[in-house]
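Chain A is the first sequence line, chain B the second, and so forth, proteins listed ahead of strands; every chain is numbered from 1.
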Amino acid sequence: MEYNPREIEKKWKKYWDEHQVYQVTHQSDKPKYYVLDMFPYPSGAGLHVGHPLGYIASDIYARFMRHKGYNVLHPMGYDAFGLPAEQYAIQTGIHPATATTENIARYRAQLENIGFSYDWSRELKTCDPDYYRWTQWIFLQLFEHYYDQDADKAVPISELVARFERSGSFGVHAACTQPSAFSATEWKAMSPKAKDDVLMNYRLAYRQVTYVNWCEALGTVLANDEVKDGVSERGGHPVERKPMLQWLLRITAYAERLLRDLDTLEWSDSMKKMQSNWIGRSEGAQLFFPIEGSDKKLEIFTTRADTIFGATFMVLAPEHDWVKELTTTDNAESVNAYLKYTNARSDRERMAEKEITGVALGSHAINPFNGERIPIWISEYVLKDYGTGAIMAVPSDDDRDYKFAQYFGLPIVEIIDKSAFPDATRQDKVGVMINSDFLTGMQVPQAIEATLKRIEEMGIGKRQINYKLRDAIYSRQRYWGEPFPIIYDPEGVAHAMKVEDLPLELPELEDFQPSGGGKSPLARHEEWVDLPNGWRRETDTMPGFAGSSWYFLRYMDPHNDQAFASQDAINYWKDVDLYIGGTEHAVGHLMYARFWNKFLYDKGLVPVVEPFRKLVNQGMIQGVIEYLYLQKEKVDGASRFVSAELVEDHGDGFAKIPIHVEFVEDYGSPNSFINKKGIEQFIEWRPEFRNAIFECSQGVYQNGVFTSKNGGKDSRMVTVSEVGKMSKRYFNVINPDDVVEEYGADCFRLYEMFLGPLEQAKPWDTKGIDGVSKFLRKFWSLFFNEKGEWIVTDEAPSREELKTLHQCIKKIHDDLERFSLNTCVSGFMIATNELRRLNTSKRAILEPMTVLLAPFAPHLSEELWHRLGNSTTVVKAAFPQWSEEYLREDSVTYPVSINGKKRATVDLPVGMPVPEIETAALEMPEVKKWLEGLTVRKTIVVPGRMINIVAN
RNA sequence: GCCGAAGUGGCGGAACUGGUAGACGCGCUGGACUCAAAAUCCAGUGAUGGCAACAUCGUGUGGGUUCGAGUCCCACCUUCGGUACCA
């Protein structure tokens, strides 16, 4: 019987489907285990070979846990709203829903092709009204709650209103945008609009003016990665920062808990660190600086209050509200010019900028401690959204301030003597204070404390904890997202829609071009926007992270129409035990989802404070991008491509044109090239280049004719290979279907795992897949003779065979537990080679081997399992147990090193006492030879490991 | 810029806790089978020197700790991910 993956795989997929092998319910006595893959966005390019890496790993683990007796929830669905579908709609007129449905169908088929053990009855998509009904519902809950810092949880806003009516804002400790103080009487006297404005300060979902990247020419708001060098990536139009009234989520209210609870998670340290750095908690002081000739006081935040005597200038963010009034007439021109410059730059560009820029406003602040006048500047290195958007600059003890002061010739006053710490950096909090009045002589930590105390005594500020984390902007001026269940009365006050009226469905639209003035396309749909009573709907939609912030809960009970999920289901499944996905979600999705879960926990709707217990990050499988060099200037009206080895000076004067990787030979290697056939395929693909010149080292190809230079015949055009994202735009997407078609799904699964450690990024390459394919055939052939006849016997296995089996069980089990799936595959290969050497065909060995392999190669294992005479699925078989008895070794091969260099090896019995090992080693002739003329100083023996002799 | 990760043969990688560097696989070389090829099987394969035994070097670079470093520490280089509206 030949191993025929195509036939076998088809057969067992059908069986699993018909027998609903992977369907689970929460009505079970078994312990639960929830394995989740990060939500895919169904892109138009389809699934590429990089996506399944994590899915295969999680599938293997899910299957492993089933073998171990768990009730495993392993679902899949789609993050189906998003920008790409909308852009595609703008270009083609195809409705985003249509394109998304098609993409999902394709994803589903591709996923099914790989043999995943998903419970497809739980499949969901965020653009389904039955789903986004609950996204809208959660949003309304956020809208109707505020964060009470005394209770340290979310509380209904109605309770805040009751409090205001009772005693005004007195004694309220709540997360808010702008603190305000008013009495109960004042509150009651406020207009509905004024009350709404106050409540907006507290709501967990609230409206505020924020800045967006506005592109007038495209009439739309752009994502940061659509902006390159201050212009739109598409079309190169100018982009500016535009203020806009938008919805935000008050994630900062949860900053402390998001930080604190990281400790409880089984995530990598690097992932936790990224999250904690993103939250960016810092303890310091809020401090007010009087302004010369004004009664206003400039608020700053500093973690280094101790350095106040070294503050020689102030820096404001260019968007700071006071910039205009602090600019003197003399400086107006330069300030305006500078504002014009920064207005065209994104935050990211500003942070990455090495060049030092800035301009003085002309006015001065007064140092509250020594009364000195210090000039106020603006610079792009200070960001509006961080702290108060204003800093006191201490060039002696901050790098950026130092460079700024040097560049502009501002004074630098040394205030800390760090001579006792020669390795300390400028910002290290060490040393003794000098030139600092009452602080002089103190150690830095002591000085920080003393300054804080003094600030509070003087009433010029207070201790404050600041977070880098910012509230999440929740509005998108787009069509393809969840509509906000919000209506505005004629005063502009936002009202929640009634929960019974959800979902608020996206209305049909023909044209997806943005409406003018930064409004979403929905704004044009007047019948939908304008309600009969004169009220209007919100026309923005929710961002991509809305639907993905809670989807893990919906999988627990995906068809519920009474709640986002039943309490029964939530209390059984609780949380995700294993979450696999990429590090690109480190601070976005993972932070938002934790935030939503905590909010729902505060509401008593979920039983756990953290949604994702264990997180494993799979590395990205990258693609190779192949480019041809195209000369920027045409030659006699014709485009000219030049073989890469002929291009000098880093390709100045050339553009790199991405080329379809299928045309390229030796794809991915430094010598990758396209031959004559490749050139022809390229021309057919890009007909605008049909008359182009292709210059190779040995000749020139044009219009189907190759003209040789110096008699050479080689028409290869060397391409430039770069490792990068696998993406439609680079024409380098490799479809898993093609690999499955050629080698089978089992082989594809094993090969993806065999490529290397799960966490590591690696470029896709099919070199080596033959080895895995061979292994599967070898494994199969243990069960059959050359004639294809079944040869498995019930004979008792030998000790050697048992040892191989039990070693393999232990290895697979241990490696699975630490997600070392690549070494599992090697382990299978080693065991199979060993069993072939032993001519094993005994059921007692092969049956457990089949179960071991089942998580990795489920189709093949299922086939063999049934041929072994089992009538139920291998999916439900118990995972084999290993026994130490078979693993015991009689002797150990010790490496014998002399001065740390291995010189010989020696076999010694297990359990030999250390002195005897030493003697045995010293008596070895090889050792004696090396020790000639030397004196042995020391012998180090690690029993079972190694021997090292130190001699000189 | 800032935060995080990774650099080991021709290639993907192994070495889990500081203890035999290169498991396993690809590729390559030689051999068997074959009219031949494919497939399969067997042997070899880090570099340098040597007929060989063997020796020297060798885990991005430079330093350090240690009896012993791919693994720990410091500095640097390169690549990748994120950087708040791609998902």
Participant: Once you apply a heavy-atom cut-off of 4.0 Å, does S268(A) come out as touching a base, just sugar-phosphate, or nothing?
Facilitator: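 The answer is nothing, as S268(A) stays clear of every strand by at least 4.0 Å.
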Participant: Taking any heavy-atom pair under 4.0 Å as a contact, classify I947(A): base, sugar-phosphate, or nothing.
Facilitator: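 I947(A): no heavy atom of the nucleic acid under 4.0 Å.
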Participant: Apply the test side-chain hydrogen bond (donor to acceptor under 3.5 Å, both in side chains) to residues E752(A) and Q618(A): give CA-CA distance (whole Å), side-chain angles for both, the deciding distance (0.1 Å), then the verdict.
Facilitator: CA-CA 12 Å; E752(A) 287 238 341; Q618(A) 100 261 19; over 6 Å; no
Participant: So, Y592(A) versus W596(A), ring centres under 6.0 angstrom or not?
Facilitator: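 Between Y592(A) and W596(A), the centre distance exceeds or equals 6.0 Å.
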Participant: Looking only at atom C1', what distance separates A21(B) and A15(B), rounded to whole Å?
Facilitator: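 Taking atom C1' in both A21(B) and A15(B), they lie 7 Å apart.
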Participant: Decide, yes or no, whether a salt bridge links R350(A) with E355(A) under the criterion of side-chain N to carboxylate O below 4.0 Å.
Facilitator: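 No, no charged N to carboxylate O under 4.0 Å.
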Participant: Name the orientation of the base relative to the sugar in G7(B): syn if the glycosidic angle is within 90° of 0, else anti.
Facilitator: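 Base orientation: anti.
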Participant: Check every strand shown and say whether N617(A) touches a base, only sugar-phosphate, or nothing at a heavy-atom separation below 4.0 Å.
Facilitator: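 No contact at all - N617(A) keeps every heavy atom at 4.0 Å or more from the nucleic acid.
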Participant: For W764(A), report the nucleic acid contact type (base, sugar-phosphate, nothing); a contact means any heavy atom under 4.0 Å.
Facilitator: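 No contact.
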Participant: Under 4.0 angstrom, heavy atoms only, what part of the nucleic acid is K273(A) near: base, sugar-phosphate, or nothing?
Facilitator: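 Sugar-phosphate, no base atom in range.
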Participant: Distance between the P atoms of A23(B) and G13(B), in whole angstroms?
Facilitator: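 Those two atoms are separated by 15 Å.
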Participant: If I pick the C1' atom on C42(B) and the same atom on C33(B), what distance separates them, to the nearest angstrom?
Facilitator: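 Each nucleotide's C1' atom is 11 Å from the other's.
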Participant: Which part of the nucleic acid, if any, lies within reach of N277(A) when heavy atoms closer than 4.0 Å are counted: base, sugar-phosphate only, or nothing?
Facilitator: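 If one applies the 4.0 Å heavy-atom cut-off, N277(A) turns out to touch the sugar-phosphate alone, with no base involved.
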Participant: Classify R478(A) by what it touches in the nucleic acid, base, sugar-phosphate, or nothing, heavy-atom distance under 4.0 Å.
Facilitator: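 Contact class for R478(A): base.
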Participant: If you measure from the P atom in A43(B) to the same atom in G50(B), how many Å do you get, rounded?
Facilitator: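 It works out to 29 Å between them.
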Participant: Reading RNA chain B from 5' to 3', where do the contacts with chain A start and stop? Cut-off is 4.0 Å to heavy atoms.
Facilitator: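 The footprint of chain A covers G1(B) to A87(B).
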Participant: If we take the C1' atom in both G70(B) and G60(B), what is their distance in whole Å?
Facilitator: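 Approximately 12 Å lies between the C1' atom of G70(B) and that of G60(B).
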Participant: Determine which bases of RNA chain B form Watson-Crick or G-U wobble pairs with both distances under 3.5 Å, and write the result as a 5' to 3' dot-bracket string with | for other-strand partners.
Facilitator: (((((((..(((......[....)))((((((.......))))))((((....))))..(((((..]....))))))))))))....
Participant: What does Q760(A) touch in the nucleic acid at a heavy-atom separation under 4.0 angstrom: a base, only the sugar-phosphate, or nothing?
Facilitator: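 Sugar-phosphate, no base atom in range.
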Participant: For Y78(A) and Y41(A), I'd like to know if the aromatic rings sit close, meaning centre-to-centre distance below 6.0 Å.
Facilitator: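 Centroid separation for Y78(A) and Y41(A): 6.0 Å or greater.
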Participant: Taking the C1' atom in each of C41(B) and A6(B), what is the distance between them to the nearest angstrom?
Facilitator: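 Their C1' atoms lie roughly 39 Å apart.
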Participant: Which is true for T583(A) with a 4.0 Å heavy-atom rule: it touches a base, it touches only sugar-phosphate, or it touches nothing?
Facilitator: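 Contact class for T583(A): sugar-phosphate only.
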Participant: Just checking R945(A): base, sugar-phosphate only, or nothing, at a heavy-atom cut-off of under 4.0 Å?
Facilitator: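 Sugar-phosphate, backbone atoms only, no base.
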Participant: NA contact type, I830(A), heavy-atom cut-off 4.0 Å: base, sugar-phosphate, or nothing?
Facilitator: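 Sugar-phosphate: the residue I830(A), judged by heavy atoms under 4.0 Å, touches backbone atoms but no base.
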Participant: Select base, sugar-phosphate, or nothing to describe what T893(A) touches, counting heavy atoms under 4.0 Å on all strands.
Facilitator: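 Base contact.
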Participant: Could you tell me whether D814(A) and K810(A) make a salt bridge, using a distance below 4.0 angstrom between a side-chain N and a carboxylate O?
Facilitator: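 Judged by the 4.0 Å cut-off on N to carboxylate O distance, D814(A) and K810(A) do form a salt bridge.
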Participant: Over all strands shown, is N224(A) touching base, sugar-phosphate only, or nothing at heavy-atom distances under 4.0 angstrom?
Facilitator: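 Answer is sugar-phosphate: N224(A) comes under 4.0 Å of backbone atoms only.
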Participant: What distance, rounded to whole Å, do you find between the two C1' atoms, one in U71(B) and one in G18(B)?
Facilitator: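 Each nucleotide's C1' atom is 7 Å from the other's.
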Participant: Flag the pair Y55(A) / P40(A) as yes when at least one side-chain heavy-atom distance between them is below 4.5 Å, and no otherwise.
Facilitator: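 Side chain of Y55(A) against side chain of P40(A), heavy atoms only: contact under 4.5 Å found.
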Participant: Quantified in whole Å, what is the C1' atom distance between nucleotide C51(B) and nucleotide C73(B)?
Facilitator: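 Straight-line distance between the two C1' atoms is 47 Å.
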Participant: Touch check for P757(A), heavy atoms < 4.0 angstrom, all strands: base, sugar-phosphate only, or nothing?
Facilitator: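 Here P757(A) touches the backbone only, sparing every base.
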Participant: Can you list the steps and then say if D399(A) with K403(A) is a salt bridge (Lys or Arg N to Asp or Glu O under 4.0 Å)?
Facilitator: CA-CA 6 Å; D399(A) 251 344; K403(A) 285 181 185 147; 5.1 Å; no
Participant: Taking NZ, NE, NH1 and NH2 as the nitrogens, is one of them in D815(A) or K811(A) under 4.0 Å from a carboxylate oxygen of the other?
Facilitator: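 Counted as a salt bridge, because a side-chain N and a carboxylate O are separated by less than 4.0 Å.
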